[in-house]
Number of protein chains: 2
Amino acid sequence: MGRKTDQRDAIRNVFRRAQRPLTANEVLDRAAESVPGLGIATVYRNIKRLHEDGWLIPVDLPGEPSRFELADREHHHHFRCDDCGKVYDIPGCHAPDDHAPAGFQVTRHEVWLFGMCPECAA
Amino acid sequence: MGRKTDQRDAIRNVFRRAQRPLTANEVLDRAAESVPGLGIATVYRNIKRLHEDGWLIPVDLPGEPSRFELADREHHHHFRCDDCGKVYDIPGCHAPDDHAPAGFQVTRHEVWLFGMCPECAA
DNA sequence: CTACTTGCAAATGGTTTGCAGGCGC
DNA sequence: GCGCCTGCAAACCATTTGCAAGTAG
């Protein structure tokens, strides 16, 4: 997985501490606290590598920058609140892979739910 | 819905003829055939307006430019071939909205299937 | 010492916007 | 004629890359 550097350690720790998917800029802000001078390019390069190594998985939403979260978790989906914009993890999977027309081989799927979160609904 | 212009007509006709979601550039290429000199900014402006008017719906997937398709169709999902990159419409809906934890009010969902399309599987 | 890493700045690619001229109504 | 539309170019924003200097092993 390459060399051990302060930057990479800091970036990995940020993800380990995170309770939700993070954007590159959020990672930069948090990691820069322990590694002053950290550059955004380094964050992107490390995120890319950690993703390639299977340590991170991308969480993308239309019109927003990519977010990433730890890969070592159960398969799950995401919920985005239309009101506050927060992204929540939704445990479990209720979208079987086998509903494509004949001939299509489905190997993976993504499900996003949108609506109002408990906080905003109150 | 605003004035009638050659540009807007051409752009709408492109979508009416399309068999799959299109990117802004794909729309530009096709619409420019009937309206030489058409600019990409005009395409974006019209797509934005047609979307706001509910005539188009966005079809987004990670790391790729937004695509759009006609809104007046049954709810359906999309399949993206990992091999050739083409995006297919998948009729029907097999992802019920009611699988979020208590407190979450789900009003909308998006489902993407990934894998191999019939052509590439052959 | 050598190769991998980093920071900076410039480049990229999709999308948006400012502006002056054009055209639908 | 008024105000919406358009084309062009410049601006934006997230992300990537070139490059020279730094550092892990």
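All of these numbers come straight from a predicted model, not from anything done at the bench. Each chain gets a letter, A, B and so on, in the order the sequences are listed, and its residues count up from 1. Values reported hereafter were calculated over all heavy atoms of this structure, with side chains retained and with hydrogens, waters and symmetry mates removed.
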Sub-3.5 Å pairs of nitrogen or oxygen atoms, protein against nucleotides 5-8 of chain D:
unit_1, atom_1, unit_2, atom_2, d
dC5(D), OP1, Arg3(B), N, 2.9
dC5(D), OP1, Arg8(B), NH1, 3.4
dC5(D), OP1, Arg49(B), NH1, 3.4
dC5(D), OP2, Arg49(B), NH2, 3.4
dT6(D), OP1, Thr5(B), OG1, 2.9
dT6(D), OP2, Asn46(B), ND2, 3.4
dT6(D), O3', Gln7(B), NE2, 3.0
dG7(D), OP1, Gln7(B), NE2, 3.4
dG7(D), OP1, Gly37(B), O, 3.4
dG7(D), OP2, Gly39(B), N, 3.2
dG7(D), OP2, Thr42(B), OG1, 2.3
dG7(D), N7, Arg45(B), NH2, 2.8
dG7(D), O6, Arg45(B), NH1, 3.3
dG7(D), O6, Arg45(B), NH2, 3.0

Open item on the list: Please give me every residue in residues 16-30 of chain A whose heavy atoms get under 4.0 Å of an atom in DNA chain D, ordered by residue number.
Closed with: none
TODO: On DNA chain C, check which nucleotide each of Pro65(B) and Lys4(B) is closest to and give me the residue with the more 5' one.
DONE: Pro65(B)
- [ ] Report yes if a side-chain nitrogen or oxygen of Tyr44(B) is closer than 4.0 Å to either non-bridging phosphate oxygen (OP1 or OP2) of dT16(C); otherwise report no.
- [x] no
Task: Minimum heavy-atom distance between Pro118(A) and Ala102(B), given as atom pair plus value - done: CG-O, 4.4 Å
Task: Rounded distance in Å - CG (Asp9(A)) to P (dC4(C)) - done: 19 Å
TODO: For the pair Tyr88(B) and Phe104(A), name the ring-plane relationship: parallel under 30°, tilted 30 to 60°, perpendicular over 60°.
DONE: perpendicular
TODO: Nearest whole angstrom, please: distance from the P of dT15(D) to the NE2 of His51(A).
DONE: 13 Å
Task: From CD (Glu69(B)) to CD (Gln19(B)), nearest 0.5 Å - done: 11.0 Å
Task: Separation of dT15(D) P from Glu64(A) CD (nearest whole Å) - done: 11 Å
TODO: Taking the six-membered ring for Trp and the single ring otherwise, decide whether the centroids of Trp112(A) and His78(A) are under 6.0 Å apart.
DONE: no
Open item on the list: Within this structure, what is the CD-CG distance for the pair Gln105(A) and Asp82(B), rounded to the nearest 0.5 Å?
Closed with: 11.0 Å
Open item on the list: Which heavy atom of Phe79(A) sits nearest to which heavy atom of Gly115(A), and what is that distance?
Closed with: CZ-C, 3.6 Å
Open item on the list: What is the separation between atom NZ on Lys48(B) and atom C1' on dT15(C), rounded to the nearest whole Å?
Closed with: 10 Å
TODO: Please name the pair of heavy atoms, one in His76(A) and one in Pro91(A), separated by the smallest distance, quoted to 0.1 Å.
DONE: CB-CA, 4.2 Å
Taking distance alone, no hydrogens or angles, what donor-acceptor pairs closer than 3.5 Å link side-chain atoms of residues 39-63 of chain A to residues at least two apart or in another chain?
unit_1, atom_1, unit_2, atom_2, d
Asn46(A), OD1, Arg8(A), NE, 2.5
Asn46(A), OD1, Arg8(A), NH2, 3.2
Asn46(A), ND2, Thr42(A), O, 2.9
Asp60(A), OD1, Ser66(A), OG, 2.4

